[in-house]
Amino acid sequence: MLEFMPLVLFGVICTVLMFGFPVALSLAGTALAFAGLGYGLESLGIDANFDGSYLNAFPNRLYGIMTNTTLLAVPLFVLMGVLLEKSKVAETLLDAMALLFGSLRGGLGISVTLVGMMLAASTGIVGATVVTMGLMSLPTMLKRGYSQSLATGTICATGTLGQIIPPSIALVLLGDVLSSAYQQAQLSMGIFSPKTVSVGDLFMGALVPGLILVLVYIVYVSLVALFKPSAAPAADRQELMAELGHTSGIGLLLLKGLVPPIVLIVAVLGSILAGLATPTEASAVGAFGALVLALAYRRLDLATLKDVLRSTTHVTTMVFLILIGAALFSLVFRAYGGEELVTHLFENMPGGVVGATIIVMLVIFLLGFILDFIEITFVVVPIVGPILLAMGLDPIWLGIMIAINLQTSFLTPPFGFALFYLRGVAPESVPTSAIYRGVIPFIVLQLGMLLALSFFPELATWLPEQF
């Protein structure tokens, strides 16, 4: 039994988190309890296979976390996203796109998808995007005769694009973890001048799959509108303009709502892709640009600024506390020989690297029901990442597969976080069952994207190879 203590530790962590205890404290507290158990058993002369010397590395880990310049992008991208949310740039953008496409069958669904894509590229925060789109677009879609399942499914699915479309906070965190895992894998193979994989590489790798997903969503909504017109009827443009409260021409509204966010996105992503800035530097550009936009829209006062800074501090503190707790968990897991145990399990798994990858993807998908992407990124990926990468997998491809997998778990009933976000802001007339039915086609589309990436890894690796 004691040789399987790492798996027991992992199971206890998942159980504690399911009871709703704070993630950072659960990780650190459970790890310390198991470390104490290990020391106690060793003092009684019982071989617990526990090497307490691993815990001596914790101060260095803590120092490394706090001095990691890559992670500086997290508060800056969060600040950028919250500023855009509070300044109601998204609201103007959605109104402009709704007026542009609303007169077509399925036009409002297409508008929601495109705006969700731009919000994903602007904020990278799934919860904020789903809530914002739910509050702004769901009442209009339902009033215009859209089926409840199609409207809610489209909003949930486009909200999760923040997981995959750069600059995504999930990709920043995943890129930092995978970079360490890749170097660790190469050192284990005897390569002492290891190559690195950066957050910028992951951003470039995610761009093509993310845009393909957007295109697939639009095609799906268009097909539903074509074969079932009553589920996605066309809206009268004049009525829509009156309902949204816009009397000016659509051209002016498009100029006001579409151009500034696009300029901001191009400035952030363009500077990274062109090699002019690192993701951390680009995040500073994005935060400054969002501040300028909020001032230009005259939506930034002292109270709003305090709210923005409070939200940014809250999210950033949560991320770093979880990272510290995950670092302690990782050390205790390795002190019990967890790394060797997982390596042994993978090496003896039928199917070799393919079988191991399928199992890992399945485990991550299932853990997505109960854990947020931050916990999975900091707890699971450091355990399985070095082993899979040492087996020859491309780090960028693996990172994008994990990101899309986590994006899918956000949608999966009954525990998908996006479903909870939308349920919180949807009218009571919309049953939860309609939300569940609505996301199922999009889950199938995302699983299809995972399958396509499995057979055509170039979808993720081609663009980074060009730079």
Side-chain angles (χ1 to χ4, degrees), residues 68-74 76-77 80-81 116-126 160-183 185-186 194-216 261-287 289 373 377 381 385 388-389 392-407 446 449-450 452-467:
N68 190 332
T69 55
T70 301
L71 294 177
L72 188 61
V74 173
L76 291 171
F77 277 135
M80 171 182 164
M117 174 191 72
M118 293 184 189
L119 284 181
S122 304
T123 67
I125 305 172
V126 171
T160 62
L161 288 171
Q163 285 286 103
I164 187 67
I165 293 184
S168 161
I169 294 172
L171 292 177
V172 172
L173 301 176
L174 194 57
D176 183 65
V177 172
L178 276 177
S179 176
S180 300
Y182 190 39
Q183 292 186 28
Q186 291 178 93
K195 298 177 182 177
T196 59
V197 54
S198 67
V199 173
D201 294 330
L202 218 55
F203 278 5
M204 286 186 277
L207 202 54
V208 172
L211 293 176
I212 290 175
L213 271 179
V214 172
L215 181 62
V216 170
I262 288 180
V263 170
L264 182 60
I265 292 166
V266 169
V268 174
L269 283 183
S271 61
I272 296 172
L273 298 178
L276 300 175
T278 65
T280 303
E281 293 164 343
S283 67
V285 172
F373 74 91
T377 300
V381 178
L388 290 177
L389 294 174
L393 292 184
D394 185 284
I396 297 174
W397 177 84
L398 180 61
I400 304 308
M401 288 287 285
I402 292 173
I404 295 179
N405 196 347
L406 291 173
Q407 179 188 356
Q446 291 190 3
M449 187 70 237
L450 276 177
L453 273 171
S454 301
F455 287 104
F456 304 101
E458 298 82 9
L459 292 172
T461 59
W462 175 79
L463 189 58
E465 289 171 355
Q466 308 308 307
F467 292 89

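Quick note: residue numbers are just sequence positions, from 1.
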Quick check: do [X] and [Y] have side-chain heavy atoms less than 4.5 Å from each other?
X	Y	result
Pro457	Met401	no
Ile164	Ile400	yes
Gln163	Ile404	no
Met449	Leu453	yes
Met117	Leu213	no

So how far is it from [X] [atom1] to [Y] [atom2], rounded to the nearest 0.5 Å?
X	Y	atom1	atom2	result
Leu398	Thr461	CG	OG1	12.5 Å
Gln446	Asn405	CD	CG	9.5 Å
Leu388	Ile402	CG	CD1	7.5 Å
Phe203	Ile165	CZ	CD1	12.0 Å
Ile396	Trp462	CD1	CH2	13.5 Å

Quick check: does any side chain N or O of [X] sit under 3.5 Å from a backbone N or O of [Y], one acting as donor and the other as acceptor?
X	Y	answer
Trp397	Gly205	no
Asp176	Leu173	no
Glu281	Thr278	yes
Ser271	Ala267	yes

**Asked** Hey, mind stepping through Leu389 and Gln186 against side chain to side chain contact (heavy atoms under 4.5 Å, CB included) and telling me if it holds?
**Response** CA-CA 8 Å; Leu389 294 174; Gln186 291 178 93; over 6 Å; no
